[in-house]
Protein chains: 2
Amino acid sequence: MVDVKSDVNKTTRGIQSRNREEVTARILAAAEKVFAEFGYAGASISRIAASAGIPKSNVVYYFETKEALYRRVVGEIFDIWRAAADSISEDNDPIHALGEYIDTKLDLARTRPYGSKVWANEIIQRAPIVQDYLEDELRSWTENRIAVIEAWIRKGQIRPISARHLLYAIWATTQHYADFTHQITTLNDGVELTDAQWGDTKSAVKDLLLCGVALPGRNRI
Amino acid sequence: MVDVKSDVNKTTRGIQSRNREEVTARILAAAEKVFAEFGYAGASISRIAASAGIPKSNVVYYFETKEALYRRVVGEIFDIWRAAADSISEDNDPIHALGEYIDTKLDLARTRPYGSKVWANEIIQRAPIVQDYLEDELRSWTENRIAVIEAWIRKGQIRPISARHLLYAIWATTQHYADFTHQITTLNDGVELTDAQWGDTKSAVKDLLLCGVALPGRNRI
DNA sequence: TCTTTTTCTGACCGATCGTGCAGAAATACC
DNA sequence: GGTATTTCTGCACGATCGGTCAGAAAAAGA
């Protein structure tokens, strides 16, 4: 993903390369938003360009095709989500690790809602563009996380729940607060959730989901 | 929604009216599928028509505009979901009622996945077409269900969880199995869930979600 | 300074979109 | 039978789409 030809770079990087990164980042941010709000088919290159404040041809210059730009957007959120699950490791305390994972994913739901929506749209439409991500990376990544949870179960650290469905439930609930933001806002009298309400959300989601995970008799989460 | 001019209908209904209903139903079914798979912008009338096996002009004849057809599709799934929550009533046993609600919504996730996807797409894109549904019907409907759950809490029948976030969690998890079918199938080695796996899903979702609802010391769900 | 490379942009192409419309075909009514 | 109404369909329209391309503008390299 990173530029390769930065061999003789001392301190200066040149006006061109700096501006290239700036423009590229602005296009990616605009594309993430427009793809989320209009779907792949409804997001026209000219609308993305207008949102980024540059001519349509310039977007094509940097990303060649609409599909290539789209893949970059989807890849970004995929990488971010993957990193968010670093806490799910066999050596960590299960309840604490899962709680951290839920917290991080809810933070991402608030800070990067557009990326989540793009992913949701892509999966709903049966991943016509990024099916290789699912088969090459998501599948093995998921199996690894399931193995960790099942190790916790074997060691008697959590209740013997279905690791796979627990993962799905965490994904579903956390991403719901990103993908269905508009519905949640409407049901909140049309105003966005406050900091305090996001705090309540974190507590409520962890309380609901982790109660079924923790061993009976343990302290509340 | 129902035809009004059926005044002198004895037994026969005429070839025209019967065929009108048949064609209308076939268009609606095709539209639900195409809107789900391509999004509102990506779903062209000609594709819907081809999927229904009739000319494009005939679709326009029955539904006037693409937007009107879309509203009919969204309205159908909205009504179905609303009826699925009939069990959430103050007189019913909470755990049993919520379990029934989860079961019914998971059944709908399996039998009507396209409708769920259309709804998800619409909300992700901030309800440009059906915002009035959200404000006029969904809002009051949701408040009523929250009131029932809070009544259960006041009577000491369930733990004092957040009724609103419990509802959101149920929506998120159940609809996840419809909207993200393709991801779940890919993670299931590319084959659709079997009857047994759907049964496991129901048990796992109810186990995870209702454990946080049931009073401590109660029997397992 | 002059050349080369990178960056940027407007004009344009063929395809597809939603929709309007005239008229054919089928059915209903008397 | 004939007339009226409903149902159906091919065609045409303006608009917008993704993408190409020639060439201007800017920066880099010498």
Side-chain angles (χ1 to χ4, degrees), chain A residues 3-28 30-31 34-35 37-73 125 128-129, chain B residues 3-28 30-31 34-35 37-73 125 128-129:
Chain A
D3 223 353
V4 188
K5 52 182 171 182
S6 55
D7 22 41
V8 205
N9 265 351
K10 303 187 176 187
T11 47
T12 63
R13 301 213 344 277
I15 295 176
Q16 283 191 341
S17 71
R18 178 166 31 224
N19 197 255
R20 169 177 270 267
E21 284 178 25
E22 272 180 28
V23 175
T24 296
R26 208 162 65 237
I27 294 173
L28 280 172
V34 175
F35 278 129
E37 289 182 338
F38 298 92
Y40 181 78
S44 64
I45 298 180
S46 49
R47 211 191 304 251
I48 294 172
S51 175
I54 59 176
K56 179 177 81 162
S57 309
N58 208 359
V59 174
V60 179
Y61 170 73
Y62 278 111
F63 290 92
E64 306 277 350
T65 65
K66 180 179 171 181
E67 184 176 319
L69 171 58
Y70 180 77
R71 279 184 66 92
R72 280 284 300 271
V73 171
Q125 297 177 19
I129 313 283
Chain B
D3 224 353
V4 189
K5 51 181 173 181
S6 55
D7 21 41
V8 207
N9 266 348
K10 303 187 175 185
T11 46
T12 64
R13 303 210 346 274
I15 294 176
Q16 283 191 343
S17 70
R18 177 166 32 221
N19 198 253
R20 168 177 270 267
E21 284 178 24
E22 271 180 28
V23 174
T24 296
R26 208 161 65 234
I27 294 173
L28 282 172
V34 174
F35 278 129
E37 290 182 336
F38 298 92
Y40 181 77
S44 64
I45 298 181
S46 49
R47 212 192 301 255
I48 295 171
S51 175
I54 59 176
K56 181 175 76 163
S57 308
N58 208 359
V59 174
V60 178
Y61 169 72
Y62 277 112
F63 290 93
E64 305 276 351
T65 65
K66 181 180 172 180
E67 183 175 322
L69 171 57
Y70 180 76
R71 279 184 65 92
R72 280 284 301 273
V73 171
Q125 299 178 15
I129 314 283

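Each chain gets a letter, A, B and so on, in the order its sequence line appears, and its residues count up from 1.
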(request) Please examine the side chains of F35(A) and K66(A), heavy atoms only from C-beta on, and report whether any two atoms are closer than 4.5 Å. (result) yes
Nearest-Å distance, [atom1] ([X]) to [atom2] ([N])?
X      : N       : atom1 : atom2 : value
I45(B) : dC8(D)  : CD1   : C1'   : 16 Å
Y70(A) : dG18(D) : OH    : P     : 14 Å
I48(A) : dG19(D) : CD1   : P     : 11 Å
E22(A) : dT7(C)  : CD    : P     : 13 Å
E64(A) : dT6(C)  : CD    : P     : 14 Å
R47(A) : dC17(C) : CZ    : C1'   : 14 Å
I27(A) : dT9(C)  : CD1   : P     : 10 Å
N58(B) : dC21(C) : CG    : P     : 18 Å

(message) With nearest nucleotide decided by heavy atoms, which residue, V59(B) or S46(A), maps closer to the 5′ end of DNA chain D?
(response)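 Its nearest nucleotide lies further toward 5', so the answer is V59(B).
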Check the phosphate of [N] against [X], side-chain N and O only, distance under 4.0 Å to OP1 or OP2. Yes or no?
X      : N      : answer
R20(A) : dT6(C) : no
Y61(A) : dT7(C) : yes
N19(B) : dC8(D) : yes

Report the nucleotide, chosen from [options], that has the shortest atom-to-atom distance to any side-chain atom of [X].
X      : options                  : value
K66(A) : dG18(D), dT9(D), dC17(C) : dG18(D)
Y62(A) : dC8(D), dT19(C), dT7(C)  : dT7(C)
V60(B) : dC8(D), dT19(C), dG19(D) : dT19(C)

(request) Remember a base hit wins even if backbone is also touched, and classify A41(A) as base, sugar-phosphate or nothing at under 4.0 Å, heavy atoms. (result)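 Answer is nothing: A41(A) stays at 4.0 Å or more from every strand.
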(request) Report which part of the nucleic acid A43(B) touches: base, sugar-phosphate, or nothing (heavy-atom distance under 4.0 Å, all strands). (result)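 Touches sugar-phosphate only.
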(request) List in chain and number order the residues that pass salt bridge (Lys or Arg N to Asp or Glu O under 4.0 Å) with R47(B), two or more places apart in sequence or in another chain; answer none if no residue qualifies. (result)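 Once residues adjacent in sequence are excluded, R47(B) has no partner under the salt bridge (Lys or Arg N to Asp or Glu O under 4.0 Å) criterion.
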What residues form a side-chain hydrogen bond (donor to acceptor under 3.5 Å, both in side chains) with [X], not counting sequence neighbours?
X      : result
S57(B) : none
Y70(A) : E122(A)
S51(A) : none

(message) I'd like to check the side chain to side chain contact (heavy atoms under 4.5 Å, CB included) partners of V60(A); sequence neighbours left out, ordered by chain and number.
(response) I45(A)
(message) Please find the pair of heavy atoms, one from I27(A) and one from I48(A), that lie closest to each other, and give the distance.
(response)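 Minimum heavy-atom contact is O-CG2, 4.2 Å.
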Tabulated below should be each protein N or O lying under 3.5 Å from an N or O of nucleotides 10-12 of chain D; please produce it.
| residue | atom | partner | partner atom | Å |
| --- | --- | --- | --- | --- |
| dG10(D) | N7 | S57(B) | OG | 3.0 |
| dG10(D) | O6 | S57(B) | OG | 2.8 |

